[in-house]
2 protein chains.
Amino acid sequence: MAKARSEMIAETRAKLVAAARHAFGTVGYANASMDDFTAGAGLTRGALYHHFGDKKGLLQAVIQQIDAEMTARLHKVSAKAPTRWQAFVDECVAYIEMAVEPEIQRILFRDGTAVLGDISQWPSTNGCIQALADALRQLQTDGEIGADIDIDVTARLINGASAHAALWIANSDDPQATSKRAVEGFRTLLERLKT
Amino acid sequence: MAKARSEMIAETRAKLVAAARHAFGTVGYANASMDDFTAGAGLTRGALYHHFGDKKGLLQAVIQQIDAEMTARLHKVSAKAPTRWQAFVDECVAYIEMAVEPEIQRILFRDGTAVLGDISQWPSTNGCIQALADALRQLQTDGEIGADIDIDVTARLINGASAHAALWIANSDDPQATSKRAVEGFRTLLERLKT
DNA sequence: ATGTCTTACATACACGACGTATGTAAGATG
DNA sequence: CATCTTACATACGTCGTGTATGTAAGACAT
């Protein structure tokens with residue numbers, strides 16, 4: 001039953017991450033009491049400190065989970081597109097749309113950056129930027145975008161623009177309308193990357 | 001001596017803002033103890049709560065001060081440029097360079113967003129976006145950039161891209177080199193806005 | 001099979017920080 | 001000159017984090 005044991009452990013970790021993710025995503029990192037949400041998961045802070053070291057460690061685990069999910073979603077979107085260019089644009093738009101979701105917005109773009117600094121700097125996090133960079137690289141080798149474009153820089157700039165656009169959208173009076181405007185404006189800018 | 005009195009009050013406010021700004025800029029908002037930095041200014045938390053309501057209010061005051069300074073600096077930069085286009089590009093580059101400064105980065109882009117949400121949504125804050133939008137509007141009426149470009153959206157996207165670029169630069173191993181790359185990549189993208 | 005050792009948590013405690021309620025002295029106002 | 005308001009300081013309660021300690025159960029060696 002060694003397996004059952006490790007399964008139990010993995011389960012507790014998952015429960016803690018899930019509980020923290022919910023708390024962070026709703027009330028925010030600073031306002032989330034570890035006592036509260038661990039109790040909600042039927043555990044105590046002891047388990048938390050044992051597995052994740054401290055509150056920041058837990059946030060990191062939550063972010064890794066979210067980032068993995070987002071990356072998977074981006075890959076799915078680009079896989080469905082008929083052309084490479086379409087795949088790239090769809091990825092960007094999908095990224096913005098994901099970034100508008102309250103949980104992602106709050107945890108990744110607000111608390112994540114504040115508590116842990118630049119997300120794109122952590123090892124094995126933000127596969128999203130990687131996904132964008134990969135798409136751009138493909139387009140460049142295909143000759144669809146200018147050879148003068150610095151892929152990594154551009155990927156980050158696009159990522160930043162998307163994140164901020166998402167912030168703007170989510171906090172605007174009419175998110176629907178703002179989203180439309182933002183995505184439209186974004187498309188026109190992306191068009192200009194073409195050769 | 002009514003004037004002397006109001007002057008004293010303004011002075012205390014200024015002292016509190018300055019002390020908070022220094023603390024927030026160095027150790028960060030969450031780690032800045034109000035007892036500590038008010039004592040450093042020769043005051044107590046009582047004055048702080050009286051003038052700013054709470055810690056968030058103080059952060060808001062600090063950010064307003066910083067934003068005003070940044071806006072002034074941007075205007076100065078653009079005023080010095082020979083052409084409208086040059087003025088715009090210089091503003092963008094100057095914005096990135098300012099955003100790399102530790103104090104601005106920490107207070108505006110990390111803690112500001114986390115604690116208060118989207119900065120560009122607050123009334124009379126982020127004159128920087130306004131400055132960018134104004135410059136873009138000028139260029140559009142002059143016919144230097146496409147009529148299909150949505151000014152407000154683009155200003156925000158550029159702002160977001162700059163902010164993220166700054167995060168990237170500041171946290172990179174070699175900020176100097178990264179800054180060069182980022183600014184260069186940024187320039188090439190901006191060039192593509194032209195008609 | 002049994003004793004030891006390690007792991008996975010729970011419990012208890014100390015410390016610090018925020019917010020609030022209250023106090024007070026000095027200037028403003030009539 | 002009396003009252004009222006303003007601009008702070010002081011004192012206190014509460015909460016949240018981190019750490020130190022306790023404990024029960026599984027892993028492992030003999």
Side-chain angles (χ1 to χ4, degrees), chain A residues 1-63 106-107 111-112 114-116, chain B residues 1-62 106-107 110-112 114-116:
Chain A
M1 293 293 161
K3 203 164 145 202
R5 171 144 174 94
S6 61
E7 261 175 29
M8 293 292 295
I9 294 171
E11 199 178 318
T12 33
R13 281 182 63 99
K15 275 200 281 191
L16 286 172
V17 169
R21 178 172 173 170
H22 179 70
F24 293 166
T26 49
V27 299
Y29 176 80
N31 295 323
S33 163
M34 302 169 84
D35 279 323
D36 282 0
F37 66 76
T38 50
L43 295 160
T44 69
R45 257 180 13 210
L48 205 158
Y49 278 97
H50 178 71
H51 286 294
F52 301 99
D54 60 352
K55 203 180 181 183
K56 278 164 81 170
L58 183 58
L59 177 62
Q60 228 164 333
V62 169
I63 288 181
R106 177 88 223 198
I107 298 178
D111 295 331
V115 177
L116 302 167
Chain B
M1 295 289 161
K3 203 164 145 202
R5 170 142 174 94
S6 59
E7 261 175 29
M8 292 294 293
I9 294 171
E11 198 178 318
T12 32
R13 282 183 63 101
K15 274 200 281 190
L16 286 172
V17 169
R21 177 171 173 171
H22 182 254
F24 292 166
T26 48
V27 298
Y29 176 82
N31 295 323
S33 161
M34 302 170 84
D35 279 323
D36 282 0
F37 65 75
T38 50
L43 295 160
T44 69
R45 257 182 13 217
L48 205 158
Y49 277 98
H50 178 72
H51 286 294
F52 302 98
D54 60 351
K55 203 180 181 184
K56 277 164 82 168
L58 183 58
L59 177 61
Q60 227 164 334
V62 169
R106 178 87 223 198
I107 298 179
R110 289 183 56 174
D111 295 332
V115 177
L116 302 167

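Chain A is the first sequence line, chain B the second, and so forth, proteins listed ahead of strands; every chain is numbered from 1.
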- Task: Map A/Gly46 and A/Asp35 onto DNA chain D by nearest heavy atom, then report which one ends up closer to the 5' terminus.
- Result: A/Asp35

- Message: Let's see if you can work this out: which of C/dA12, D/dC8, C/dC18 has an atom nearest to the side-chain heavy atoms of B/Arg45?
- Response: C/dC18

- Query: Got a second to check how far A/Leu58's CG is from A/Leu16's CG, nearest 0.5 Å?
  - Reply: 7.0 Å

- Which distance, rounded to the nearest 0.5 Å, do you find between the CZ of B/Arg13 and the OG of B/Ser6? 12.5 Å

- Task: Measure from CD on B/Glu7 to P on C/dA28 and round the result to the nearest Å.
- Result: 13 Å

- Message: Let's see if you can work this out: which of C/dC9, C/dA12, D/dC8 has an atom nearest to the side-chain heavy atoms of B/His50?
- Response: D/dC8

- Query: Whole-Å distance between D/dC15 C1' and A/Asp36 CG?
  - Reply: 10 Å

- Task: Measure the distance from CZ on A/Arg13 to P on C/dT7 and round it to the nearest whole Å.
- Result: 15 Å

- Query: Just how far, in rounded Å, is P of C/dC18 from OH of B/Tyr49?
  - Reply: 6 Å

- d(CG, A/Leu48; P, C/dA10) in whole Å: 10 Å

- To the nearest 0.5 Å, atom CD of B/Gln60 lies from atom CZ of B/Phe52 at 11.0 Å

- Task: Assign A/Ala30 to base, sugar-phosphate, or nothing according to its heavy-atom contacts below 4.0 angstrom with the strands shown.
- Result: nothing

- Is A/His51 near enough to C/dA8 that one of its side-chain N or O atoms lies under 4.0 angstrom from OP1 or OP2? no

- Closest listed nucleotide, where the reference is the side chain of A/Lys55 and the choices are D/dT17, C/dT20, D/dC8: D/dT17

- Query: In whole angstrom, what separates A/Asn31's CG from D/dT14's C1'?
  - Reply: 15 Å

- Note on the structure: Between CE of A/Met34 and C1' of C/dC9 the distance, given in whole Å, is 14 Å

- Item | Nearest to side-chain heavy atoms of B/Ala47, which nucleotide of D/dC8, C/dA10, D/dG18 | D/dC8

- Query: How many Å lie between CG on B/Leu16 and C1' on D/dC8, as a whole number?
  - Reply: 10 Å

- A/Ser33 side-chain N/O to D/dC15 phosphate OP1/OP2 under 4.0 Å: no

- Message: Can you see if the side chain of B/Thr44 gets near the phosphate of D/dT10 - specifically, an N or O under 4.0 Å from OP1 or OP2?
- Response: no

- Can you tell me how far the CD atom of A/Glu7 sits from the OG1 atom of A/Thr12, to the nearest 0.5 Å? 11.5 Å

- Any chance you could measure B/Arg21, atom CZ, to B/Thr26, atom OG1, to the nearest 0.5 Å? 12.0 Å

